[in-house]
Protein chains: 2
Amino acid sequence: MTSDSSPESSNDAARVYDGVRRGIVEGDFLPGSRLVEQRLAEKFECSRTPVREAVRRLESEGLVVVERNRGARVRPLTEHEIADLYDVRARLEGYAASLAASRHEHADLVVLRRALDRFERATDAGLRSRDDRAVVRELDAANAEFHEALLTMSRHTRIRSLVHSAVDAPLVFQALQHFEPGELERSATFHRLIADAVTAREPERAERLMVEHVLQGRDTLLAGLSAFDDVADLFAGRRG
Amino acid sequence: MTSDSSPESSNDAARVYDGVRRGIVEGDFLPGSRLVEQRLAEKFECSRTPVREAVRRLESEGLVVVERNRGARVRPLTEHEIADLYDVRARLEGYAASLAASRHEHADLVVLRRALDRFERATDAGLRSRDDRAVVRELDAANAEFHEALLTMSRHTRIRSLVHSAVDAPLVFQALQHFEPGELERSATFHRLIADAVTAREPERAERLMVEHVLQGRDTLLAGLSAFDDVADLFAGRRG
DNA sequence: CATGGCCGGATTGTGCGCAATCGACGGCGC
DNA sequence: GCGCCGTCGATTGCGCACAATCCGGCCATG
């Protein structure tokens, strides 16, 4: 689930936005840590102006919190908030899936199938070596492509940004899901079922399957979190 | 549904944000019209820097669109998009209502009741003179207070901003709803029923009622729109 | 020892100027 | 008359400096 702005965006603000966002998602900026404008400006070799813009955008997307005159920090998340976000996400993506089933055009199906295949290949690789960073990154990218394809097919101008508001913040924990045994296969299965329901233009089934898929992901993640309470503490911003 | 930042924010950026937002919602800036940074800076008596911040924030909330190096304009909406936004809103606020029914604390009910009373008073005034701008503004404010109260009671940190993403843009048309005969009473009735379901801690009923309430609003609005096709054209940015 | 006011460094908020970019207009050749 | 190209004005993108604000520590006082 990456943003619309491609990483090689020519303007500085978008470049900083992509960089900081990736830094947050991949764990280089830990939750609770401060994002000082001057520091980021030096890191990305530009002035504070585009940095400000990037940070404010991240704020409006819920990845960082800024307090007036006190600056920005990476938003810490409690287990409770993660669960809530996944519940909203389930509803939003479920709705998107039902729209996709109703509204898709033939060309969309090609894109969807390609995303499906990519995810299955990534799954195979992931089953062999799930601690290879490149493999994990490919898994996440393939997963994002599948979900993005459905958002596009829904023909709903705004739903993409709405889904991102719910999805992006918990993305920090994404990696945890891949370590749960069976989760990769489960995801692949659901992706296929969802694609089938959408292809057959069955909105209700597509919605139900998507809701269940997302809730599965929620539970896997929460299970992984409580298995690593110290990690949970870390991500909640309670530095030790 | 007004933003969290109170209008008397000491901050220039927030002041401009509030001002432009109000200008869009109240029709002073028509959809499709350009928002030139320098112009806004003069109007709000500050430099372009805070104006930029305000405009970018409005962009991320979907009220304006900006094209690179070409500036911002008030986002035009098609009837189709309005319908889609209301559908998402129904689901999101329905979810929020069910959460509110499950999670509210006793003190919340006082706030909810006050909002309810305020809306009923505003309704009475509205039935007498529905073309008085002050009365309409009070109606909108009371309505916003009711919906905001439920969002607060849902104890879901992020749902407020999600709902606003779906609600804010079509707010431009809000006024149209008040002219549909019977709509004010219908709204008041639903508000009361929703409040009752929430108070009685019945999440499913609260959700159903809220979904229906929002969809009623959608239909009223669309009916009003097609009754004024020229107005619709105007708001869609097709200037004549 | 607890408390409150004061000061200095760090960081954000804002103003302002210049360079880059885009669209419109008009001149040129055909 | 029509399409192409260069120039120009309008506007945004960005860098930079100064002002406003906040936090921590220090000191005086009770």
Side-chain angles (χ1 to χ4, degrees), chain A residues 3-21 23-24 29-61 63-76 237 239, chain B residues 3-21 23-24 29-30 32-61 63-76 237-239:
Chain A
S3 114
D4 352 301
S5 59
S6 49
E8 76 271 7
S9 306
S10 57
N11 72 4
D12 282 350
R15 195 168 51 81
V16 175
Y17 167 81
D18 286 326
V20 176
R21 188 178 183 287
I24 293 174
F29 299 121
L30 293 177
S33 62
R34 297 191 56 183
L35 296 174
V36 178
E37 294 176 2
Q38 183 59 42
R39 286 253 242 266
L40 294 175
E42 285 158 19
K43 184 177 163 82
F44 290 96
E45 293 178 321
C46 64
S47 79
R48 280 177 49 216
T49 309
V51 170
R52 276 182 76 82
E53 184 172 329
V55 169
R56 303 321 253 245
R57 190 167 153 203
L58 288 164
E59 181 202 14
S60 78
E61 293 175 4
L63 275 92
V64 314
V65 286
V66 329
E67 293 169 282
R68 241 188 56 175
N69 287 317
R70 305 219 279 118
R73 37 184 75 239
V74 180
R75 182 172 205 140
R239 201 64 34 69
Chain B
S3 117
D4 351 301
S5 60
S6 48
E8 76 273 8
S9 305
S10 54
N11 211 333
D12 278 352
R15 193 168 51 82
V16 176
Y17 167 81
D18 286 325
V20 176
R21 187 177 184 288
I24 293 174
F29 299 121
L30 293 178
S33 63
R34 297 192 57 184
L35 297 173
V36 178
E37 295 177 1
Q38 185 58 43
R39 287 253 245 262
L40 294 175
E42 284 158 18
K43 183 177 164 83
F44 290 97
E45 292 177 321
C46 63
S47 79
R48 279 176 49 215
T49 310
V51 170
R52 275 182 76 81
E53 184 171 329
V55 169
R56 304 321 253 244
R57 190 166 154 203
L58 289 164
E59 180 202 15
S60 78
E61 293 175 4
L63 275 91
V64 312
V65 287
V66 330
E67 292 170 282
R68 243 188 55 179
N69 287 318
R70 303 218 279 119
R73 38 184 74 240
V74 180
R75 181 171 205 139
R238 299 186 292 275
R239 200 65 35 67

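Every chain is numbered from 1, with letters handed out A, B, ... down the list of sequences.
- Here the closest non-hydrogen pair linking A:F44 and A:V16 is CB-CG2, 3.9 Å.
- B:D12 and B:R15 are joined by a salt bridge, as a carboxylate oxygen and a charged side-chain nitrogen come within less than 4.0 angstrom of each other.
- The distance from the OG atom of B:S33 to the CD1 atom of B:I24 is 8.0 Å, given to the nearest 0.5 Å.
- Evaluated for a side-chain contact (heavy atoms from CB on, under 4.5 Å) with B:V74, the options B:V20, B:L63, B:L35, B:L30 yield exactly one hit, B:L35.
- Scored by the side chain to side chain donor-acceptor pair (under 3.5 Å) test, B:E59 finds no partners at all (sequence neighbours excluded).
- When every heavy atom of A:P76 is checked against every heavy atom of A:P31, the shortest pair comes out as CA-CB, 4.0 Å.
- Side chain of B:R73 to main chain of B:G32: a donor-acceptor pair is present (N/O by atom type, distance under 3.5 Å, no hydrogens or angles).
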Could you write out each protein N or O paired with an N or O of nucleotides 6-11 of chain D at a distance under 3.5 Å?
none

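- In this structure, A:A54 and A:A13 approach most closely via the heavy-atom pair CB-O, 3.7 Å.
- Taking every heavy atom of residues 46-55 of chain B and every atom of DNA chain D, pairs under 4.0 Å involve B:R48, B:R52, by number.
- With the 3.5 Å cutoff on both pairing distances, Watson-Crick and G-U pairs in DNA chain D assemble into runs of at least 3 at C:1-30 with D:1-30.
- Between chain A and DNA chain C, the heavy-atom contact criterion of under 4.0 Å yields a 5' to 3' nucleotide range of C:dT11 to C:dT14.
- Take A:E37 and apply the side-chain contact (heavy atoms from CB on, under 4.5 Å) test, not counting sequence neighbours, and it matches A:R48, A:V51, A:R52, A:R56.
- Per the geometry, CD belonging to A:Q38 stands 15 Å off P belonging to D:dC18, to the nearest Å.
- Ionic pairing of A:E61 and A:R57 is present here: one or more N-O contacts between side-chain nitrogen and carboxylate oxygen are shorter than 4.0 angstrom.
- Contact between B:F29 and B:L40 at its shortest, heavy atoms only, is CZ-CD2, 4.1 Å.
- Between B:L58 atom CG and B:R21 atom CZ the span is 8.0 Å, to the nearest 0.5 Å.
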